[in-house]
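Below: the structure, in structure tokens.
Count residues from 1 along the sequence.
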Amino acid sequence: MNNSGRLLNVVDVEATCWDGPPPPGAVSEIIEIGLTVVDLDEGVRLEKHRLLVRPARSTVSAFCTELTGLTPDEVEQGVEFAEACRELAARHRTGERPWASWGDYDRHQFTRQCAATETPYPFGHRHANAKAVFTAAHGLRKRPGMAQALRLAELPLEGRHHRGEDDAWNIAALVLDLAGRGAWPGA
């Protein structure tokens with residue numbers, strides 16, 4: 001991997017979800033972590049990664065499969081949440097590198113799930129809410145979803161929306177667009 005330049009991890013998670021409230025005893029859990037490494041100085045996306053995570057206190061509903069394309073059998077092949085966090089820290093230096101996500105959902109989901117499972121939080125404190133940065137840079141009143149932001153920035157949606165690895169890749173494109181305009185923090 002190219003270690004020159006300012007590297008940023010762009011993260012997007014998918015979690016168990018339902019069409020309505022969760023079943024009794026079930027909680028929303030991360031089932032996929034998408035991560036794209038961005039070199040802000042070079043203006044390129046360097047790496048695209050995907051980690052499947054096996055849920056411990058919920059199952060993948062038919063609604064969740066329809067939304068994400070992730071099936072119960074597929075996520076059963078994933079790693080436990082604690083192992084996924086260890087891999088993020090070891091492979092992607094998530095405790096050292098700044099990171100970004102589209103909104104605060106991903107950061108809050110990690111915080112909740114780490115607390116509930118007594119798993120060390122894998123990220124450092126340098127988090128950027130790319131949705132807030134995009135909204136301010138474009139002078140919008142309402143924060144757009146990622147797909148709408150791509151349309152506004154005239155960028156293509158690559159891959160499948162609501163798939164962690166593809167959403168992280170697309171958010172990274174938005175981050176690079178913002179950086180190119182001088183609108184990304186520290187640009």
Side-chain angles (χ1 to χ4, degrees), residues 1-15 30 32-51 53 81-82 84-115 119-187:
M1 184 179 78
N2 177 356
N3 283 321
S4 67
R6 291 178 300 133
L7 300 183
L8 172 76
N9 289 329
V10 177
V11 176
D12 185 80
V13 302
E14 301 303 327
I30 294 170
E32 183 189 29
I33 303 166
L35 186 144
T36 295
V37 180
V38 171
D39 184 326
L40 291 167
D41 289 339
E42 296 296 321
V44 294
R45 297 175 285 189
L46 297 173
E47 302 177 44
K48 180 180 183 180
H49 296 280
R50 174 187 193 211
L51 272 171
V53 182
F81 178 69
C85 289
R86 284 190 295 273
E87 185 172 333
L88 287 171
R91 186 173 181 184
H92 303 291
R93 298 173 45 200
T94 54
E96 302 166 35
R97 272 188 205 148
W99 68 292
S101 60
W102 194 257
D104 280 328
Y105 170 81
D106 306 83
R107 185 172 57 85
H108 290 309
Q109 182 64 33
F110 266 104
T111 301
R112 281 190 299 268
Q113 197 160 337
C114 284
T119 300
Y121 186 69
F123 297 100
H125 297 290
R126 295 180 297 161
H127 174 263
N129 178 334
K131 183 190 279 192
V133 175
F134 184 90
T135 302
H138 287 269
L140 304 173
R141 289 187 201 180
K142 187 176 176 191
R143 292 182 176 180
M146 183 206 69
Q148 182 184 7
L150 288 166
R151 285 190 298 276
L152 290 169
E154 298 180 351
L155 295 170
L157 192 156
E158 298 178 56
R160 180 185 176 128
H161 190 24
H162 299 298
R163 196 62 179 253
E165 66 180 329
D166 293 334
D167 285 354
W169 186 256
N170 287 307
I171 295 163
L174 288 163
V175 167
L176 289 173
D177 184 66
L178 289 164
R181 297 168 181 257
W184 188 254

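- For Thr119, the side-chain hydrogen bond (donor to acceptor under 3.5 Å, both in side chains) test picks out Thr117, with sequence neighbours left out.
- Between the side chain of Asp39 and the backbone N or O of Val44 there is no donor-acceptor pair closer than 3.5 Å.
- Side-chain atoms of Asn170 never come within 3.5 Å of backbone atoms of Leu157 as a donor-acceptor pair (strictly under, hydrogens ignored).
- Although no hydrogens or angles enter the test, the distance criterion places no donor-acceptor pair under 3.5 Å between the side chain of Gln113 and the main chain of Phe81.
- Legend: ring pair (Phe, Tyr, Trp, His ring centres under 6.0 Å) pairs involving residues 137-172, not counting sequence neighbours, sorted by first then second residue: Phe134-His138.
- Every residue was checked against the ring pair (Phe, Tyr, Trp, His ring centres under 6.0 Å) condition with Tyr105, not counting sequence neighbours, and none meets it.
- When all heavy atoms of Ala84 and Val53 are compared, the closest pair comes out as CB-CG2, 3.8 Å.
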Is there a side chain to side chain contact (heavy atoms under 4.5 Å, CB included) between Trp184 and Leu40? Walk through the geometry before answering. CA-CA 9 Å; Trp184 188 254; Leu40 291 167; 4.1 Å; yes

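- Residues meeting the salt bridge (Lys or Arg N to Asp or Glu O under 4.0 Å) test with Glu32, sequence neighbours left out: Arg50, Arg163.
- Every residue meeting the side-chain contact (heavy atoms from CB on, under 4.5 Å) condition with Ala137, not counting sequence neighbours, appears here in chain and number order: Leu178, Ala183.
- Two residues are said to be in side-chain contact when any heavy atoms from C-beta on lie closer than 4.5 Å; Trp99 and Arg107 meet this criterion.
- Residue Ala153 comes nearest to Leu174 through the heavy atom pair CB-CD2, 4.0 Å, listed as atom of the first residue, atom of the second, then distance.
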Stepwise salt bridge (Lys or Arg N to Asp or Glu O under 4.0 Å) check, Glu158 with Arg45: CA-CA 13 Å; Glu158 298 178 56; Arg45 297 175 285 189; 3.3 Å; yes

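- Under the side-chain hydrogen bond (donor to acceptor under 3.5 Å, both in side chains) criterion, Asp12 pairs with no residue at all, not counting sequence neighbours.
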Check residues 124-133 and write down every donor-acceptor pair under 3.5 Å in which the side-chain atom is one partner and the other belongs to a residue at least two apart or another chain.
residue	atom	partner	partner atom	Å
Arg126	NH2	Glu96	O	2.2
His127	NE2	Ser101	OG	2.7
Asn129	OD1	Gly103	N	3.2
Asn129	OD1	Lys131	N	3.0
Asn129	OD1	Ala132	N	3.0

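- Not counting sequence neighbours, the partners of Arg181 by the salt bridge (Lys or Arg N to Asp or Glu O under 4.0 Å) test are Asp177.
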Can you give each donor-acceptor pair under 3.5 Å made by side-chain atoms of residues 140-150, sequence neighbours left out, with the distance rounded to 0.1 Å?
none

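- Pro122 approaches Cys85 most closely through the heavy-atom pair CB-O, 3.7 Å.
- Between Leu88 and Asn9, the closest side-chain pair of non-hydrogen atoms is not below 4.5 Å.
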